[in-house]
Trainee: 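For reference, the structure I am asking about is given below.
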Amino acid sequence: MTNQNQTETNKFEQFDVAIVGAGINGAVASAALSAAGLKVLLVDRGDFAGFTSQESSNLVWGGIKYLQSYEFWLVFKLCLARNRLMRAYPNRIRQIGFLASLGPTAPFGRLLGTFGTLFYWGIGLFGTKPPLSYSARSAKRLEPNLITGRKAVKYFDAELPDNDSRFVFDFVKQAMKQGAQARNYTELVGAEFDGEWTLRLQSLSGESHVIAKTVINSAGPFASDVTSMLNSPTKASLVFSKGVHFVLNRKLTSKYQVLAFWDEQGRLFYVLPMGDRSMVGTTDTRVDHPVTEVTDEDVEFVLRQINAQMELAEPITKDQIVSARCGVRPLVIESAGDGNIADWHQLSRKHVVEGDKDRKVVTILGGKLTDCLNVGEELVGELNRFGLKVKVPGRWFGEGSQIRKDEFFALIRRLAKSDPQLIADGLWRRHGDEAFEIVGDSELDDIVPGLGITEQEIRYIAINERVQKREDLLRRRLPISMARSDAELRANQPLQKLLVELGL
Ligand SMILES: Cc1cc2nc3c(=O)[nH]c(=O)nc-3n(C[C@H](O)[C@H](O)[C@H](O)COP(=O)(O)OP(=O)(O)OC[C@H]3O[C@@H](n4cnc5c(N)ncnc54)[C@H](O)[C@@H]3O)c2cc1C
C-alpha cells in the first residue's frame with residue numbers, strides 16, 4: 001500500500017469484525033461477538049431481517065419431520081436448541097401444541113403416530129409438555145374444524161408470537177446495547193484485502209469505507225455473491241427451496257394451537273396462529289434464484305390443501321388472503337453440487353460455518369432460526385481461531401428481569417381503555433422492562449383493534465428501533481401488515497394519521 005493510500009485508510013472507521021447480512025445469522029453474530037469484546041459493524045442492504053428471516057413459519061422447533069429421514073442427531077441438536085431458547089425467552093417464545101390430524105395422506109396411523117411423538121418428546125429430553133393421542137371423536141371435540149372420523153396426535157414445540165423478524169431485531173438491539181454499530185439499508189459493494197479489509201459500503205446517504213480485521217459473510221441465500229466479492233470460496237454451497245405462507249382473514253383454530261396435516265405430496269402442512277388470524281402453509285419448491293414471488297400455482301396449491309384437510313362450512317377462497325410470505329430456505333450441500341439431488345424434500349436443514357484464516361473471512365451457510373444460539377457461539381470460536389482478542393462472551397441473549405412483570409400488568413389494567421391483557425402481554429413480551437418507559441402514565445388504546453398494539457408503542461419503535469421505512473415498522477418490528485390487509489390498514493384513520501406524523 002502506498003503512503004497516500006495508507007493515510008486515506010487511516011481516516012476510515014476501524015472494526016474488529018464487519019458482518020455482512022443482518023438476518024438471524026448476522027444478528028446473532030453481532031450480539032455474540034460484541035459481547036465477546038469485539039468492535040462490531042453489522043450491515044444489511046435492506047432492513048434487518050428483511051429477507052429470508054421474515055418469511056419463516058415462526059417456529060422454534062426440533063423438526064419432528066426429520067425423524068422420517070432418520071436425522072436423529074439433527075433432531076436432537078435442534079430440540080436442545082429449542083429448549084435452550086424456550087428457557088431464555090419465557091415470553092418471546094411460546095410453547096404450543098401441534099394437533100396432527102391423521103388423514104389418508106399421513107404417513108402413519110394413530111399407533112405409530114403416538115410412538116413417534118413419544119420418541120420426539122424423548123429425543124428432546126422431555127423439554128416440552130408430553131404428547132397426547134386422540135380418538136376421532138375426541139379430536140373433533142378438541143378442534144371442530146378437523147375432518148370427522150380422523151384420529152389425531154398432539155406434540156409440542158414452540159413459536160414466535162411476534163414474528164421472526166422481531167426476534168431477529170432483538171439480537172440487533174442487544175448488539176447495539178453492547179456497543180456494536182448496526183446499519184440497515186447499507187450494502188457491501190466492494191472489498192479489498194491487504195492483511196485487513198477495506199470495505200466499500202453503499203447506504204441511502206451515499207458511499208463510505210470502513211476497515212475491518214475480519215469479515216463474517218452472513219448474506220444467507222446471497223452468500224456466494226459475497227464470497228465472490230471477498231474472493232474467499234467455500235467448500236459447501238447452497239440450493240434453494242421456496243416456501244410460501246398465506247395469512248387468512250379468519251381464525252381456523254378454536255384455541256391457541258397449530259394444526260398439522262400432510263399435504264398431497266406427503267409433506268407436513270400447518271395452520272399457524274398469526275395474531276387474531278391464521279397463517280397457512282408452507283410449500284417446498286426447488287428454485288434456482290433467491291428472489292421469488294408468489295405464483296397462482298402457489299395460491300391454488302395451498303388453498304387446495306387446506307380445503308381438503310379441514311371441514312369448513314365454506315371453503316377458503318383467494319379473497320380471504322390478507323397477506324403472503326414468500327422466501328427461500330438456503331439448504332447446504334457439502335459436496336460439489338451438481339444439482340442431482342436424489343430426494344429434494346429430504347435435504348438436510350443443518351448449517352455449516354467455514355473459516356478462511358488466510359483472508360480472515362468466516363462464511364455461514366444454511367441454518368434455522370431455532371439454531372441461532374449455536375451459530376453465535378460457533379462464530380465466536382471461529383474468530384478465536386483467527387487470533388482475535390476474543391473474551392468469553394458475557395450474557396448476550398435472553399429476556400431481561402421478570403421481577404416487575406406483575407407491576408406492569410397492574411399498571412396496564414389501570415391505563416388501558418380496551419384489551420388490557422392483550423396490550424400488557426404484547427408490550428411486556430416485546431420490550432420487557434422498557435415497556436414502563438413506553439407507556440408512561442397515559443391512557444392506552446388498541447390502535448389496530450384485535451392486535452393489542454398502542455399508539456405509544458408505535459411511536460417508541462419508530463423513534464428508537466432504526467425504522468427507516470413504513471414497512472420496517474408495520475411488517476418487521478411489529479406484525480401489523482401481516483395480520484391486516486392493505487385495505488384494512490388504509491381504512492384505519494388513526495393509524496394512517498400517526499404514520500404520517502412520524503414521517504413514514
Ligand atoms: C418458508 C420458510 C419457512 C421457514 N420456517 C422456519 C421455522 O419455522 N423455524 C426455523 O427455525 N427456521 C425456519 N426457516 C429457516 C430460516 O428462516 C432461515 O434459515 C433463516 O432465516 C436464514 O437466515 P440468514 O441470516 O441465513 O439469511 P437472511 O435472513 O436471508 O439474511 C441474509 C441477509 O443478507 C443481506 N445481504 C445480502 N447481500 C448483502 C450485501 N452485499 N450487503 C449487505 N447485506 C447483504 C440480505 O439483505 C439479507 O437480509 C424457514 C425458511 C423458509 C424460507
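Just so you know, ligand 1 is whichever comes first in the structure, and atom 1 is the first atom listed for that ligand. Numbers here simply count residues along the sequence, with the first being 1. Since we're looking at a predicted model, the values are computed, not measured. The analysis underlying the following values was restricted to heavy atoms, covering all of them including side chains, and did not include hydrogens, waters or symmetry mates.
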Trainee: Counting only heavy atoms, tell me which of Leu59, Val375, Thr52 gets closest to atom 8 (O) of ligand 1.
Mentor: Leu59
Trainee: With heavy atoms of Thr186 as the reference, note each atom of ligand 1 found under 4.0 Å away.
Mentor: 43 (C)
Trainee: Is it true that Asp284 and Ser241 share a donor-acceptor pair across their side chains at a distance under 3.5 Å?
Mentor: yes
Trainee: What residue and atom, counting heavy atoms only, is the protein's closest point to atom 26 (O) of ligand 1, and at what distance?
Mentor: Asn25 ND2, 3.0 Å
Trainee: Using a strict 4.0 Å cut-off to heavy atoms of Phe222, name the atoms of ligand 1 that fall inside it.
Mentor: 37 (C), 38 (N)
Trainee: Would you tell me which option among Gly63, Ser165, Gly46, Ser53 has the nearest heavy-atom contact to atom 29 (O) of ligand 1?
Mentor: Ser53
Trainee: Which ligand 1 atoms are under 4.0 Å away from a heavy-atom of Gly327?
Mentor: 53 (C)
Trainee: May I ask you to check if ligand 1 and Gly50 share an N or O to N or O distance below 3.5 Å?
Mentor: no
Trainee: What I'd like to find out is whether the side chain of Asp164 reaches to under 4.5 Å of the side chain of Ser53, using heavy atoms alone.
Mentor: no
Trainee: I need the nearest protein heavy-atom contact for atom 51 (C) of ligand 1: residue, atom name and distance, please.
Mentor: Arg329 CG, 3.6 Å
Trainee: In the protein, what heavy atom is nearest to atom 34 (O) of ligand 1, and what distance, to one decimal place, separates them?
Mentor: Gly21 CA, 3.2 Å
Trainee: So, Ser218 side chain and Val20 main chain: donor-acceptor pair closer than 3.5 Å or not?
Mentor: yes
Trainee: Backbone or side chain, does any N or O of Leu369 fall under 3.5 Å from an N or O of ligand 1?
Mentor: yes
Trainee: Please state which protein non-hydrogen atom is closest to atom 38 (N) of ligand 1 and give its distance, to 0.1 Å?
Mentor: Arg45 CZ, 3.5 Å
Trainee: Between Phe171 and Phe48 (judged by ring centroids, cut-off 6.0 Å), do the two rings come close enough to count as a pair?
Mentor: no
Trainee: Closest non-hydrogen protein atom to atom 37 (C) of ligand 1, residue and atom name please, with distance?
Mentor: Ala219 CB, 3.5 Å
Trainee: If you measure only the distance, is there a donor-acceptor pair under 3.5 Å linking the side chains of Gln181 and Glu13?
Mentor: yes
Trainee: State the atoms of ligand 1, each with its element, that fall below the 4.0 Å cut-off from a heavy-atom position in Asn58.
Mentor: 8 (O)
Trainee: Just checking, is any N or O donor in the side chain of Asp298 or Thr295 under 3.5 Å from an acceptor N or O on the other one?
Mentor: yes
Trainee: Which part of Ser241 is near ligand 1, with near meaning a heavy atom under 4.0 Å away: side chain, backbone, both or neither?
Mentor: neither
Trainee: Taking side chain to side chain contact (heavy atoms under 4.5 Å, CB included) as the criterion, tell me which of Leu99, Thr105, Val271 meets it with Phe261.
Mentor: Val271
Trainee: Verify the neighbour count for atom NZ of Lys318: are there more than 12 heavy atoms of other residues, nucleotides or ligands below 6.0 Å?
Mentor: no
Trainee: Using side-chain heavy atoms (C-beta onward) and a distance below 4.5 Å, is Thr285 in contact with Thr292?
Mentor: no
Trainee: Residues in ring pair (Phe, Tyr, Trp, His ring centres under 6.0 Å) with Tyr256, at least two apart?
Mentor: none
Trainee: Side chains of Phe222 and Thr52: does their closest heavy-atom pair fall under 4.5 Å?
Mentor: no
Trainee: Return yes or no for this condition: an N or O of Thr370 is under 3.5 Å from an N or O of ligand 1.
Mentor: yes
Trainee: Provide the number and element of each atom of ligand 1 under 4.0 Å from a heavy atom of Gly220.
Mentor: 26 (O), 27 (O), 32 (C)
Trainee: Using a strict threshold of under 4.0 Å (side-chain N to carboxylate O), is an ion pair present between Glu297 and Lys242?
Mentor: no
Trainee: Could you tell me whether Glu187 approaches ligand 1 through its side chain, its backbone, both or neither, with non-hydrogen atoms closer than 4.0 Å?
Mentor: both
Trainee: Give a yes or no on whether a salt bridge exists between Arg304 and Glu264, defined as a side-chain N under 4.0 angstrom from a carboxylate O.
Mentor: yes
Trainee: Starting from atom 2 (C) of ligand 1, locate the nearest protein heavy atom and write down its residue, its atom name and how far away it is, to 0.1 Å.
Mentor: Glu55 O, 3.7 Å
Trainee: Give me the residue, atom name and distance of the protein heavy atom closest to atom 42 (N) of ligand 1.
Mentor: Leu188 N, 3.0 Å
Trainee: Within the structure provided, determine whether Leu268 and Trp262 are in side-chain contact (heavy-atom separation under 4.5 Å).
Mentor: yes
Trainee: My understanding is that only residues two or more places apart in sequence, or in another chain, count here; which of them pass side chain to side chain contact (heavy atoms under 4.5 Å, CB included) with Lys77?
Mentor: Trp73
Trainee: Counting only nitrogen or oxygen atoms and a 3.5 angstrom limit, does Ser57 reach ligand 1?
Mentor: yes
Trainee: Starting from atom 19 (O) of ligand 1, locate the nearest protein heavy atom and write down its residue, its atom name and how far away it is, to 0.1 Å.
Mentor: Gly367 O, 2.7 Å
Trainee: Would one find more than 12 heavy atoms of other residues, nucleotides or ligands at under 6.0 Å from atom CD of Gln320?
Mentor: yes
Trainee: For ligand 1, find out whether one of its N or O atoms is nearer than 3.5 Å to an N or O atom of Met229.
Mentor: no
Trainee: Examine Asp44 against ligand 1 and note whether any of their N/O atoms are separated by less than 3.5 Å.
Mentor: yes
Trainee: Residue-level breakdown please: for Val328 versus ligand 1, do any non-hydrogen atoms fall below 4.0 Å on the side chain, on the backbone, on both, or on neither?
Mentor: backbone
Trainee: Which of the atoms in ligand 1, numbered in the order shown and given with their element, are less than 4.0 Å from a heavy-atom of Gly243?
Mentor: 1 (C)
Trainee: I want to confirm something. Looking only at heavy atoms, which of Ala191, Gly23, Ser56 is nearest to atom 3 (C) of ligand 1?
Mentor: Ser56
Trainee: May I ask you to check whether Val20 has an N/O atom sitting below 3.5 Å from an N/O atom of ligand 1?
Mentor: no
